[in-house]
Q: 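Sharing a structure with you now.
Throughout, numbering of the chain's residues begins at 1 and tracks the sequence. Only this structure's heavy atoms are used, side chains among them; waters, hydrogens and symmetry mates stay out.
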Amino acid sequence: MHFYKDKKRHVITTQTEHKCVLDSCRHLQQEGFEVTYLPVGSDGLIDLDRLRKEIRPDTGLISVMAVNNEIGVVQPVEEIGQICKEFNVPFHTDAAQALGKIKVDVEKWNVSLMSLSGHKIYGPKGVGALYMRRRPRIRVEPQMNGGGQERGIRSGTVPTPLVVGMGAACELAMKEMEYDEKRIKGLQERLLNGIREKIDGVVVNGSMDRRYVGNLNLSFAYVEGESLLMGLKEVAVSSGSACTSASLEPSYVLRALGVDEDMAHTSIRFGIGRFTTEEEIDRAVELTVKQVEKLREMSPLYEMVKEGIDIKQIQWAQH
């Protein structure tokens with residue numbers, strides 16, 4: 001946006017982007033650029049007609065993530081790429097969560113810019129990559145000036161070990177991707193069915209058909225997410241994403257889906273990966289069920305619901 005700032009003053013992104021993209025957009029707004037944050041449906045996907053309507057002559061960038069980090073939904077990247085091509089607007093996608101998990105094709109998606117991250121594909125931390133299209137050429141302002149490394153876009157000595165590590169991780173991901181997906185799909189079903197067989201009031205957040213199988217974001221009615229986390233010490237799960245889990249606000253991603261605040265507070269994100277075993281899944285099911293049952297037993301709301309009281313109709317008195 002800085003490079004094209006004389007002609008282009010408008011950015012379009014989504015309300016459910018990763019925090020780093022949203023914060024960059026806020027930064028641009030402070031500099032006087034205009035940003036449109038597209039809403040998403042209850043399945044977490046954007047409305048393509050709405051995207052078309054929001055494009056202006058001064059739109060300089062459309063940024064939509066491929067796979068959402070919190071709920072795992074896969075946006076219709078190819079269709080978005082088509083729209084960007086039609087209106088001749090550069091398209092950036094944050095594909096950190098897509099790389100090595102779903103097929104990434106810069107030609108098919110028609111992306112001008114794509115950001116990737118090493119540690120999301122079992123590579124080293126501290127290294128990422130930015131794909132930049134050569135034709136039609138996309139220009140950017142250097143992130144830092146100096147020695148002019150990386151074609152003058154990001155000066156500073158290139159950390160060869162990290163770069164090699166990320167390259168090797170990509171090579172492995174390419175080989176393992178199909179096998180990983182099959183295996184992880186089985187584990188995801190085992191986890192979801194295991195939990196649903198034993199407890200009710202379990203809701204999957206985000207589209208069921210357009211999602212990456214390694215992400216399962218569940219809401220458990222009448223249970224406080226943070227208390228559930230406390231009881232799941234053995235299981236590496238989170239409420240919200242790692243980048244925002246320090247705040248007790250319910251997840252902005254779930255709020256954008258229109259999830260009720262009380263249900264948003266009960267959500268837990270399970271991540272299943274290349275090294276997750278069946279035993280770990282079974283243990284996670286056992287602990288989750290046990291903890292949810294324990295917390296519901298202590299919950300007066302759950303008692304009322306079982307007695308058939310509609311708790312949404314209760315007028316709570318202020319003391």
Q: Between the side chain of Ser112 and the main-chain N/O of Pro90, is any donor-acceptor distance below 3.5 Å?
A: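 No, because the side chain of Ser112 does not come within donor-acceptor range (under 3.5 Å) of the backbone of Pro90.
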Q: Measure the spacing between OG1 of Thr59 and OH of Tyr4 and express it to the nearest 0.5 Å.
A: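 Answer for the OG1-OH pair, Thr59 versus Tyr4, is 14.5 Å.
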Q: After noting the C-alpha distance and the side-chain angles of Ile62 and Thr13, does the key distance pass the side-chain contact (heavy atoms from CB on, under 4.5 Å) rule?
A: CA-CA 6 Å; Ile62 292 173; Thr13 186; over 6 Å; no
Q: State yes or no: do Val127 and Leu172 share one hydrophobic cluster built from I, L, V, M, F, W and Y residues joined by side-chain heavy-atom distances below 4.5 Å, directly or via other members?
A: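 The answer is no; the residues belong to distinct hydrophobic clusters.
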Q: Any side-chain to backbone donor/acceptor pair from Thr93 onto Val64? Under 3.5 Å, distance only.
A: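 Pair found, side chain donor or acceptor close to backbone of Val64.
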Q: I'd like to know if the side chain of Arg9 reaches the main chain of Lys5, judged simply by a donor and an acceptor atom lying under 3.5 Å from each other, with no hydrogens or angles considered.
A: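 At least one qualifying donor-acceptor pair exists.
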Q: At what distance, to the nearest 0.5 angstrom, does CD of Glu79 lie from CG of Leu45?
A: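 The CD atom of Glu79 sits 10.0 Å away from the CG atom of Leu45.
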Q: Keeping to residues at least two apart or across chains, list the salt bridge (charged side-chain N to carboxylate O under 4.0 Å, His left out) pairs with something in residues 103-122.
A: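 Salt bridge (charged side-chain N to carboxylate O under 4.0 Å, His left out) check on residues 103-122 returns Glu107-Arg133.
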Q: Nearest 0.5 Å please: distance from the CG atom of Leu162 over to the CE atom of Met166.
A: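 Output value for this atom pair is 10.5 Å.
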Q: Scan for ring-ring contact (aromatic ring centres under 6.0 Å, His included) pairs involving residues 38-93, sequence neighbours excluded, and state none if there are none.
A: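 ring-ring contact (aromatic ring centres under 6.0 Å, His included) check on residues 38-93 returns no pairs.
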Q: Above 12 or not: heavy atoms from other molecules or residues under 6.0 Å from NZ of Lys198?
A: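 No, the 6.0 Å shell around NZ holds no more than 12 heavy atoms from other groups.
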Q: Which residue pairs pass the ring-ring contact (aromatic ring centres under 6.0 Å, His included) test when at least one of the two sits in residues 108-143, sequence neighbours left out?
A: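 ring-ring contact (aromatic ring centres under 6.0 Å, His included) check on residues 108-143 returns Tyr122-Phe275.
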Q: Only pairs at least two apart or in different chains count here, so list each ring-ring contact (aromatic ring centres under 6.0 Å, His included) that has a residue in residues 164-186.
A: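 Non-adjacent pairs meeting ring-ring contact (aromatic ring centres under 6.0 Å, His included): zero.
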Q: Ignoring hydrogens and geometry, is there a side-chain-to-backbone donor-acceptor pair from Thr266 to Phe220 under 3.5 Å?
A: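 Checking the backbone N and O of Phe220 against the side chain of Thr266, a donor-acceptor pair under 3.5 Å is found.
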Q: Would you mind listing every ring-ring contact (aromatic ring centres under 6.0 Å, His included) that reaches into residues 276-305, with sequence neighbours excluded?
A: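 Those involving residues 276-305 are Tyr222-Tyr302.
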Q: May I ask you to test the Leu38-Ile12 pair for a side-chain heavy-atom distance under 4.5 Å?
A: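 Yes, close enough: below the 4.5 Å cut-off.
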Q: Looking at Ile71, is its backbone amide N or carbonyl O close enough to the side chain of Asn205 to form a donor-acceptor pair, meaning the two atoms are under 3.5 Å apart?
A: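 A pair under 3.5 Å: no.
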Q: Salt bridge (charged side-chain N to carboxylate O under 4.0 Å, His left out): which pairs involve residues 200-220, sequence neighbours left out?
A: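 Applying salt bridge (charged side-chain N to carboxylate O under 4.0 Å, His left out) to every pair that reaches into residues 200-220, excluding sequence neighbours, yields Asp200-Arg296.
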Q: My understanding is that only residues two or more places apart in sequence, or in another chain, count here; which of them pass side-chain contact (heavy atoms from CB on, under 4.5 Å) with Val140?
A: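 Counting only residues at least two positions away or on another chain, Val140 forms a side-chain contact (heavy atoms from CB on, under 4.5 Å) with Leu113, Met132, Ile153.
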Q: Does Glu181 pair with Lys185 as a salt bridge, N-O distance under 4.0 Å?
A: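 Lys185 and Glu181: not salt-bridged.
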Q: Less than 4.0 Å between a side-chain N and a carboxylate O, is that true for Asp180 and Lys101?
A: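 No.
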Q: Look only at the side chain of Thr288 and the backbone of Ala284, and say whether a donor-acceptor pair between them is shorter than 3.5 Å.
A: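 Judged by distance alone, yes, a pair lies under 3.5 Å.
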Q: side-chain contact (heavy atoms from CB on, under 4.5 Å) for Thr16 and Val253? Distances and angles first, verdict last.
A: CA-CA 5 Å; Thr16 53; Val253 173; 4.0 Å; yes
Q: Measuring from Leu229:CG to Glu224:CD, what's the distance to the nearest 0.5 Å?
A: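 Going from the CG atom of Leu229 to the CD atom of Glu224 covers 9.0 Å.
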Q: Which residues pass the salt bridge (charged side-chain N to carboxylate O under 4.0 Å, His left out) test with Asp262, not counting sequence neighbours?
A: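 For Asp262, no residue satisfies salt bridge (charged side-chain N to carboxylate O under 4.0 Å, His left out) once neighbours in sequence are set aside.
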Q: For the pair Asn110 (side chain) and Glu78 (backbone), establish whether a donor and an acceptor sit closer than 3.5 Å, ignoring hydrogens and angles.
A: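 Flag not set: sc Asn110 to bb Glu78 has no pair under 3.5 Å.
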Q: Please name all residues satisfying side-chain contact (heavy atoms from CB on, under 4.5 Å) with His2, sequence neighbours left out, ordered by chain then number.
A: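 Testing His2 for side-chain contact (heavy atoms from CB on, under 4.5 Å), a comparison that skips the adjacent residues, returns Leu28, Glu31, Phe33, Glu141.
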Q: Kindly state each residue pair satisfying salt bridge (charged side-chain N to carboxylate O under 4.0 Å, His left out) with at least one member in residues 157-177, sequence neighbours excluded.
A: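 Listed by first then second residue: nothing to list.
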Q: Would you check if the side chain of Ser219 reaches a backbone N or O of Met263 as a donor-acceptor pair within less than 3.5 Å?
A: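 At least one qualifying donor-acceptor pair exists.
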Q: Does the side chain of Asn217 reach to within under 4.5 Å of the side chain of Ile268, using non-hydrogen atoms?
A: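 Contact flag for Asn217/Ile268 side chains = no.
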Q: Would a distance-only check, ignoring hydrogens and angles, find a side-chain to backbone donor-acceptor pair under 3.5 Å from Gln75 to Ile46?
A: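 A pair under 3.5 Å: yes.
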Q: Kindly write out the residues that satisfy side-chain contact (heavy atoms from CB on, under 4.5 Å) with Glu150, not counting sequence neighbours, or none if the list is empty.
A: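 For Glu150, the residues satisfying side-chain contact (heavy atoms from CB on, under 4.5 Å) (neighbours in sequence not counted) are Arg154, Val158.
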Q: So, using side-chain contact (heavy atoms from CB on, under 4.5 Å) as the criterion, who are the partners of Pro39 when residues are at least two apart?
A: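 Counting only residues at least two positions away or on another chain, Pro39 forms a side-chain contact (heavy atoms from CB on, under 4.5 Å) with Gln15, Arg50.
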